[in-house]
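Bear in mind the structure is a predicted one, so any value in this text is a computation, not a measurement.
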Amino acid sequence: MSGKMRILASLIVIAIVAVALGVFIIRGPGPLDFAGGKKVALADYRAGKPTGVPAKLEKASLIERGEYLAKAADCMVCHTKPGEKDYSGGLAFKLPFGTLYSTNITPDKDTGIGNYSDQDFLNAVQHGKRNDGARLYPAMPYTSYTFMTDEDVLAVKAYLFSLPAVRAKAPDNTLSFPFNQRWAMIFWSAVFNPDTRFAPDTSKSPEWNRGAYLAEALAHCGECHTPRNLGFALDNRKKFGGAITAGWRAFNISSDKATGLGNWRDEDLISYLSLGHAPGHGSASGPMGEAVDHSFSQFAPEDISSIVAYLRSVPPVPSPDLPATTAPAAPASHRDGVTADARGKKVFASACASCHGWSGESPVSPMATLTGTWAVNDPAATNVAQIVISGTKRHTPDGALPMPAFGNAYTDDEIAAVANYVTARFGTKGSKLTAKDVAELRQQTAE
């Protein structure tokens with residue numbers, strides 16, 4: 001080999017190594033790598049069945065099993081536009097570089113998935129590939145669904161195909177260049193989609209493995225609660241450490257004792273997942289409220305307990321922008337405590353105090369209590385502002401009181417003022433939102 005060829009070959013090797021190293025650094029660990037135990041193929045696991053449906057549904061029909069799994073995977077929320085037929089798509093996801101619209105997954109042959117074969121459906125759910133060969137954007141969480149077994153994916157398909165076909169074409173996406181180049185998802189998926197099925201960990205309990213399958217493959221908790229890396233994939237170095245998703249803050253659900261779930265009691269976690277409320281910790285709103293209403297509240301009790309067992313094992317990841325402890329109740333009288341923002345206090349007095357109380361302890365419903373919630377203790381006030389803008393309408397538990405949306409009743413400046421007042425009075429540190437911040441938050445929420 002000539003000297004020039006050796007130099008060229010060396011440069012090629014160096015380039016390949018550099019690219020591989022860069023990919024490794026950006027991609028990071030997988031979602032279950034933290035556990036460190038021995039993984040085995042599902043067929044070789046002898047301590048129970050961590051996949052599929054709970055024991056009480058094992059003998060149910062394929063469609064009934066698929067319904068449970070579809071709810072566990074929270075399919076309806078993302079594939080249903082408010083006011084439209086279930087699963088008919090059209091829900092907007094506003095991103096910094098444009099808007100994506102969810103697709104119709106009813107069995108309509110023209111605008112839905114009625115022409116999908118079993119293999120087509122597996123390709124879409126596990127590999128992010130449509131039946132026409134085009135690549136799906138990872139707003140569809142196929143990098144999590146890839147851990148689902150073929151059996152479970154096809155059960156979901158059977159359920160979806162049992163539903164009425166709805167003719168509804170989703171609007172065209174409005175992504176800017178280069179994000180509108182679907183073909184580029186081939187390379188993204190090659191790097192960031194593990195494309196592998198769930199492998200149980202023999203060093204962990206059957207309950208842990210069931211919880212891992214539910215949280216990682218079906219409920220895809222990391223898609224909202226894990227921050228993103230430079231490639232917009234999940235950064236599992238900070239697994240479950242919290243992130244901003246769809247304009248809302250998904251808080252830290254790692255085992256960190258100060259800013260995560262480490263100090264929550266098991267019964268609090270079970271209550272929050274099952275009902276969307278835990279005394280002393282607040283109520284679920286926004287995307288998490290939807291996840292509870294349409295997904296977690298439908299889980300069998302033993303599946304909720306399995307998720308709790310799994311969450312307990314996730315290494316602690318601190319949230320340095322949150323306080324070490326939440327603030328206690330505020331004074332009962334509006335004359336005492338924080339009164340610095342007169343505009344915010346005026347809005348709170350007219351629209352909020354009757355339900356939330358001046359102390360933060362609601363006189364109406366425990367679900368309206370502000371004391372102890374991360375939303376009011378977050379100095380960014382992201383969720384406080386979003387709840388004021390959008391309100392919250394919960395379906396679980398029965399009799400849950402909705403909060404009306406005030407986005408059209410108050411200006412951006414007034415919403416910023418009341419958010420700053422609420423965080424200062426009921427939290428540890430007041431936020432400093434501006435009208436511009438609120439306007440940007442409005443733009444980030446789905447249509």
Side-chain angles (χ1 to χ4, degrees), residues 24 27-73 117-129 141-159 189-223 226 233-234 236-237 239-240 255 299-315:
F24 174 78
R27 180 169 56 189
L32 291 168
D33 288 356
F34 74 90
K38 180 183 177 182
K39 309 292 196 303
V40 298
L42 189 60
D44 297 327
Y45 186 65
R46 298 289 180 263
K49 186 181 179 184
T51 62
V53 295
K56 68 178 183 180
L57 291 176
E58 276 295 341
K59 295 183 179 179
S61 70
L62 179 63
I63 290 173
E64 288 173 318
R65 284 181 277 130
E67 181 179 13
Y68 184 90
L69 294 167
K71 289 178 179 178
S117 67
D118 284 356
Q119 189 57 56
D120 289 337
F121 196 74
L122 288 167
N123 287 341
V125 174
Q126 296 172 337
H127 310 292
K129 185 179 179 181
Y142 58 84
T143 55
S144 293
Y145 290 157
T146 192
F147 294 106
M148 290 176 65
T149 64
D150 290 4
E151 178 186 20
D152 287 353
V153 173
L154 294 179
V156 171
K157 176 178 179 285
Y159 168 66
S189 292
V191 175
F192 296 119
N193 184 11
D195 193 15
T196 187
R197 297 330 132 232
F198 179 76
D201 186 331
T202 58
S203 71
K204 305 295 185 183
S205 69
E207 184 182 44
W208 185 95
N209 278 289
R210 175 62 174 169
Y213 183 71
L214 290 168
E216 299 295 348
L218 287 165
H220 54 278
C221 304
E223 298 287 342
T226 297
L234 300 184
N236 286 304
R237 295 183 183 89
K239 181 177 178 61
F240 289 176
S255 60
F299 280 40
E302 61 268 31
D303 278 351
I304 293 292
S305 295
S306 294
I307 292 175
V308 170
Y310 175 69
L311 291 176
R312 292 293 190 204
S313 74
V314 176

Mind listing the closest non-hydrogen atom pair of [X] and [Y] along with its distance?
{"X": "Y159", "Y": "G66", "value": "CB-C, 3.6 Å"}
{"X": "Y142", "Y": "A124", "value": "CB-O, 3.9 Å"}
{"X": "A212", "Y": "L32", "value": "CB-CD2, 4.0 Å"}
{"X": "A309", "Y": "E207", "value": "CB-OE1, 3.7 Å"}
{"X": "R237", "Y": "P29", "value": "CG-CD, 3.7 Å"}
{"X": "Y145", "Y": "A73", "value": "OH-O, 2.7 Å"}

**Prompt:** Between K239 and V314, is there a donor-acceptor pair closer than 3.5 Å when you use the side chain of the first and the backbone of the second?
**Reply:** no
**Request:** Verify, without hydrogens or angle tests, whether D303 (side chain) and A300 (backbone) share a donor-acceptor contact under 3.5 angstrom.
**Result:** no
Rounded to the nearest 0.5 Å, what's the gap from [atom1] on [X] to [atom2] on [Y]? Could you check?
{"X": "K157", "Y": "S117", "atom1": "NZ", "atom2": "OG", "result": "7.0 Å"}
{"X": "S189", "Y": "F192", "atom1": "OG", "atom2": "CZ", "result": "10.0 Å"}
{"X": "L69", "Y": "D152", "atom1": "CG", "atom2": "CG", "result": "4.5 Å"}

**Message:** Check this for me: Q119, atom CD, are more than 12 non-hydrogen atoms of other residues, nucleotides or ligands nearer than 6.0 Å?
**Reply:** yes
**Item:** Exceeds 12 heavy-atom contacts within 6.0 angstrom, atom NZ of K129
**Value:** no
**Request:** Start with the C-alpha gap between S255 and R312, add the side-chain angles, then the distance that decides, and say whether side-chain contact (heavy atoms from CB on, under 4.5 Å) holds.
**Result:** CA-CA 6 Å; S255 60; R312 292 293 190 204; over 6 Å; no
**Message:** Classify the ring geometry of F299 against Y68: parallel below 30°, tilted from 30° to 60°, perpendicular beyond 60°.
**Reply:** tilted
Minimum side-chain heavy-atom gap [X]-[Y] below 4.5 Å:
{"X": "T143", "Y": "H220", "value": "no"}
{"X": "L311", "Y": "F240", "value": "yes"}
{"X": "N236", "Y": "D33", "value": "no"}
{"X": "D150", "Y": "Q126", "value": "yes"}
{"X": "L214", "Y": "R210", "value": "yes"}

**Prompt:** Do S313 and W208 have side-chain atoms, one donor and one acceptor, less than 3.5 Å apart?
**Reply:** yes
**Message:** Within the 3.5 Å criterion, strictly below it, is a donor on E216 or Y310 matched to an acceptor on the partner's side chain?
**Reply:** yes
**Request:** Determine which pairs satisfy side-chain hydrogen bond (donor to acceptor under 3.5 Å, both in side chains) with at least one residue from residues 191-203, sequence neighbours left out, and list them in order.
**Result:** H127-D195, T146-R197, D195-R197, D201-S203
Cut-off 3.5 Å, no hydrogens considered: what does the side-chain donor-acceptor table look like for residues 36-52, sequence neighbours left out?
{"from": "Y45", "atom 1": "OH", "to": "N209", "atom 2": "ND2", "distance (Å)": "3.3"}
{"from": "R46", "atom 1": "NH1", "to": "A43", "atom 2": "O", "distance (Å)": "2.6"}

**Request:** Just grab all the salt bridge (Lys or Arg N to Asp or Glu O under 4.0 Å) pairs involving residues 54-65, residues at least two apart or on different chains.
**Result:** none
**Asked** Could you walk me through whether Y213 and L218 pass the side-chain contact (heavy atoms from CB on, under 4.5 Å) check?
**Response** CA-CA 7 Å; Y213 183 71; L218 287 165; 3.8 Å; yes
